[in-house]
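Here's the structure we're looking at; comments come further down.
Remember, predicted model here, so these are calculated numbers, not experimental data. Labels below follow one simple rule: chain letters A, B, ... track the order of the sequence lines, proteins then strands, and each chain is numbered from 1.
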Number of protein chains: 2
Amino acid sequence: MAIKYAILGILSARPQTGYDLKKAFAGSAVLHWSGNNNQIYTTLSDLLKAGLVTKEVQPQEKHPAKSVYTITDQGLAALKEWALSRPDPPEYRSDFWIRLMAVGQLTGAEFTQLLDQYEQEVHAQLLMQQELARRGHAIATKSPREERLQDLIMDGIAGFYQRELEWIGKLRKELR
Amino acid sequence: MAIKYAILGILSARPQTGYDLKKAFAGSAVLHWSGNNNQIYTTLSDLLKAGLVTKEVQPQEKHPAKSVYTITDQGLAALKEWALSRPDPPEYRSDFWIRLMAVGQLTGAEFTQLLDQYEQEVHAQLLMQQELARRGHAIATKSPREERLQDLIMDGIAGFYQRELEWIGKLRKELR
DNA sequence: GTAGTCATGTAAGACGTTACATGATTCT
DNA sequence: AGAATCATGTAACGTCTTACATGACTAC
């Protein structure tokens, strides 16, 4: 359950509400989860029970009350311990590969259509990623060093899509 | 449920048993699922009910009887239709990015340790992928063209890990 | 008026994994 | 003696997604 640590990681920069976390998840490709209510609010209450965060309810005049969550020393220690444990390798998946298994069923024109569609999809992702990068950091940072890190990760993600586009080009050339 | 189409895709090359499918899943990074019994055998029985495959039980002398599944014309049509529908973009995820959110909690030595561990993990994946490629095609193919396709996909996957290693090198340089 | 923001929470279901269950044969 | 291969199936559980539910305020 890495989302637990993702939330601890976000809270380690500054105290935030569940709603703030939702926006962070929506605005960052690093946080690959959908950022749905169910996971965020239930995980926050789990973290609270475990003593890794504290909760402070702040009433507001013109809006519903918010619950601001702050990471505890225990939470910081748990985050650090997990960070130094053995990392999982990165994941690379594409259902396009599965679609290519149907190539025997396709005409040449249909194969070209399939490639074009995938290329468009990847290109759209690249643009979206560049837009996210342009908008700035969805995740709060505490230092210029952490900011630089976030930028390097976002460059890496954009580079991934660029490489995928090059790979599609290679497919086109070699299977004409 | 793309695994359904993954199974149809594998069966489109030749009739196979659930056990054969398990081996295909285990021996290919393209099929990113674990290849566990539950998913394979239940999906096969779903496909049978839907008329997308047929089943033939073959008794054996020295081993348990096998159930060989063959894709039907309906199955081929369903596979083709799905293949030409809008593809999902490729997925790129790494929990290492989440771990980096804890960088404020780490000393310089611990940060280096984290990078080293991740690099080792990625390197191990690269070697494993190259070993899979060396062993040849876990997924049956019907033509040299399809074989070439599988090779290009496997090259792409190895290239992904290589790029990730380069990215780690960049992190090292820029955050020293 | 219609959509978007602010704000929190629950229900139902899809998808995926590990572990359990059985049992003969073959290789080291 | 122990591990691997052949072969199929079920149970329990963890994870993640969409949709439901509520309600005031604000901008076009």
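- Leu52(A) places none of its side-chain heavy atoms less than 4.5 Å from the side chain of Leu79(A).
- When side chains are defined from C-beta on, Phe160(A) counts as touching Pro90(B), because their heavy atoms get closer than 4.5 Å.
- Using a 4.0 Å cutoff to heavy atoms of chain B, the contacted part of DNA chain D runs 5' to 3' from dT5(D) to dA12(D).
- At a cut-off of 3.5 Å, with distance as the only test, no side-chain donor of Glu164(A) or Tyr92(B) sits close to an acceptor on the other residue.
- Of the two residues contacting DNA chain D, namely Ala2(A) and Lys66(B), the nearest-nucleotide position lying further toward the 5' end is that of Lys66(B).
- Within the structure, the side chain to side chain donor-acceptor pair (under 3.5 Å) test picks out the following pairs touching residues 153-162 of chain A (sequence neighbours left out): Gln125(A)-Tyr161(A).
- Taken residue by residue, residues 14-38 of chain A places heavy atoms nearer than 4.0 Å to DNA chain D at Trp33(A), Ser34(A), Asn36(A), Asn38(A).
- Thr17(A) and Asp20(A) share a donor-acceptor pair across their side chains, judged by distance under 3.5 Å alone.
- Nucleic acid contact for Thr42(B): none, since no nucleic acid atom lies under 4.0 Å from a heavy atom of the residue.
- Taken residue by residue, residues 88-102 of chain B places no heavy atom nearer than 4.0 Å to DNA chain D.
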With a 3.5 Å cut-off and sequence neighbours excluded, list the donor-acceptor pairs that the side chains of residues 135-142 of chain B form with protein atoms.
unit_1: Arg135(B); atom_1: NE; unit_2: Glu131(B); atom_2: OE2; d: 3.3
unit_1: His137(B); atom_1: NE2; unit_2: Asp151(B); atom_2: OD1; d: 3.0
unit_1: Lys142(B); atom_1: NZ; unit_2: Ser12(B); atom_2: O; d: 3.4

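- If you take CD1 of Ile40(A) and C1' of dA7(C), they are 12 Å apart, rounded to a whole angstrom.
- End-to-end axis angle of the helix from dG1(C)-dC28(D) to dT28(C)-dA1(D), from C1' rotation axes over five pairs per end: 40° (rounded to 10 degrees).
- Looking at every heavy atom in both residues, Phe25(A) comes nearest to Gly35(A) through CB-CA, 3.7 Å.
- If you take OH of Tyr41(B) and C1' of dT17(C), they are 17 Å apart, rounded to a whole angstrom.
- Under the 4.5 Å side-chain criterion, counting only non-hydrogen atoms from C-beta, Ile7(A) is not in contact with Val53(A).
- Sorted by first and then second residue, the salt bridge (charged side-chain N to carboxylate O under 4.0 Å, His left out) pairs with a member in residues 98-110 of chain A read Asp95(A)-Arg99(A), Glu110(A)-Lys80(B); sequence neighbours excluded.
- Judged as a ring-ring contact (aromatic ring centres under 6.0 Å, His included), and not counting sequence neighbours, the contacts of Tyr5(B) are Trp82(B).
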Arg172(A)/Asp116(A) under side chain to side chain contact (heavy atoms under 4.5 Å, CB included): CA gap, chis, key distance, verdict
CA-CA 10 Å; Arg172(A) 258 218 187 79; Asp116(A) 288 348; 2.4 Å; yes
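- Listed by chain and residue number, Glu119(B), Val122(B), His123(B), Leu126(B), Ile168(B) satisfy the side-chain contact (heavy atoms from CB on, under 4.5 Å) test with Leu165(B) (two or more places apart in sequence, or in another chain).
- Within the 4.5 Å cutoff, the side chain of Ser67(B) has heavy atoms near those of the Tyr69(B) side chain.
- When hydrophobic side chains of Ile, Leu, Val, Met, Phe, Trp and Tyr are connected at separations under 4.5 Å, Tyr19(B) ends up clustered with Tyr41(B).
- For the segment residues 43-63 of chain A, the set of residues with a heavy atom within less than 4.0 Å of an atom of DNA chain D comprises Lys62(A), in numerical order.
- Considering only residues two or more places apart in sequence or on other chains, Glu81(A) meets the side-chain contact (heavy atoms from CB on, under 4.5 Å) condition with none of them.
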